[in-house]
Amino acid sequence: MKRYELEISFPHQVNNNEEVQTETLAAEGVLNKFKAMNWYQLLILQLQLQTGATTFTVTCTDTSQSIQISLNEYSTAQHLEFKLESDIVLEDIQKNLFGLFSFKSKDYVTFRGLSLQQAQAMLTHFVQAEIDELKQQYRQSLHVADLASPSI
């Protein structure tokens, strides 16, 4: 059974110089902690203090891969919005410069503007070792972004 190191940082910890909460849990424990977080209350606290951030960082003890989910307090959406950053590497993305050059670039799986349900789904993929699913969803989000940007 895989174990995960969980670090939770709250907005008020910056002001009081408190340490982040650190635990080692199984996959189910990590998911339960995420579900138990009172995200709306943390959003209000983050806006009131105007310093610090709420971050939920999960690191696999076997592979040392990690993801960090943070709450976006400046979202214009009517729902909670999250950002997911990771050290999961994608090395197979081809870049083409004027049709002359193609090369492989190194990119990291990141998502912005996730809803609570989407962030929870991404966390579930990570703790169930479905890294390829995260990479595939990231590629799809890049493709959607490419389609949405105007061509010159």
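Since the model is a prediction, treat every value here as computed from it, not as a measurement. The first residue in the sequence is number 1, and the count goes up from there.
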Open item on the list: Is it the case that the side chains of T54 and Q46 hold a donor-acceptor pair, with the cut-off being a distance below 3.5 Å and no angle test?
Closed with: yes
TODO: Report yes or no: do Q68 and T57 form a side-chain donor-acceptor pair below 3.5 Å?
DONE: yes
Would you compute the distance between atom [atom1] of [X] and atom [atom2] of [Y] and round it to the nearest 0.5 angstrom?
{"X": "L90", "Y": "R139", "atom1": "CG", "atom2": "CZ", "result": "5.0 Å"}
{"X": "T124", "Y": "Q117", "atom1": "OG1", "atom2": "CD", "result": "11.5 Å"}
{"X": "L114", "Y": "L80", "atom1": "CG", "atom2": "CG", "result": "12.0 Å"}
{"X": "L45", "Y": "L49", "atom1": "CG", "atom2": "CG", "result": "4.5 Å"}
{"X": "I131", "Y": "T63", "atom1": "CD1", "atom2": "OG1", "result": "6.5 Å"}

Determine the minimum heavy-atom distance between [X] and [Y], stating which atoms define it.
{"X": "V109", "Y": "S86", "result": "O-OG, 2.7 Å"}
{"X": "G113", "Y": "E81", "result": "CA-CG, 3.4 Å"}
{"X": "K2", "Y": "A129", "result": "NZ-CB, 3.8 Å"}
{"X": "E73", "Y": "L43", "result": "CA-CD1, 3.5 Å"}
{"X": "A26", "Y": "R3", "result": "N-NH1, 3.6 Å"}
{"X": "T55", "Y": "S70", "result": "CG2-CB, 3.9 Å"}

Under a 4.5 Å cut-off applied to non-hydrogen side-chain atoms, are [X] and [Y] in contact?
{"X": "K83", "Y": "F111", "result": "no"}
{"X": "M37", "Y": "I8", "result": "yes"}
{"X": "L134", "Y": "M122", "result": "yes"}
{"X": "D107", "Y": "V89", "result": "no"}
{"X": "L123", "Y": "L31", "result": "yes"}
{"X": "I88", "Y": "K135", "result": "yes"}
{"X": "E85", "Y": "R112", "result": "yes"}
{"X": "T59", "Y": "Y4", "result": "no"}

Open item on the list: Is there a continuous path of hydrophobic side-chain contacts, each under 4.5 Å between heavy atoms, that joins V58 to Y108?
Closed with: no
TODO: Kindly indicate, with the supporting measurements, whether the criterion side-chain contact (heavy atoms from CB on, under 4.5 Å) is fulfilled by F56 and L71.
DONE: CA-CA 9 Å; F56 192 90; L71 185 58; over 6 Å; no
- [ ] Kindly state each residue pair satisfying ring-ring contact (aromatic ring centres under 6.0 Å, His included) with at least one member in residues 36-55, sequence neighbours excluded.
- [x] F34-W39, W39-F82
- [ ] Quick one: list whatever passes side-chain hydrogen bond (donor to acceptor under 3.5 Å, both in side chains) with E133, sequence neighbours left out.
- [x] Q137
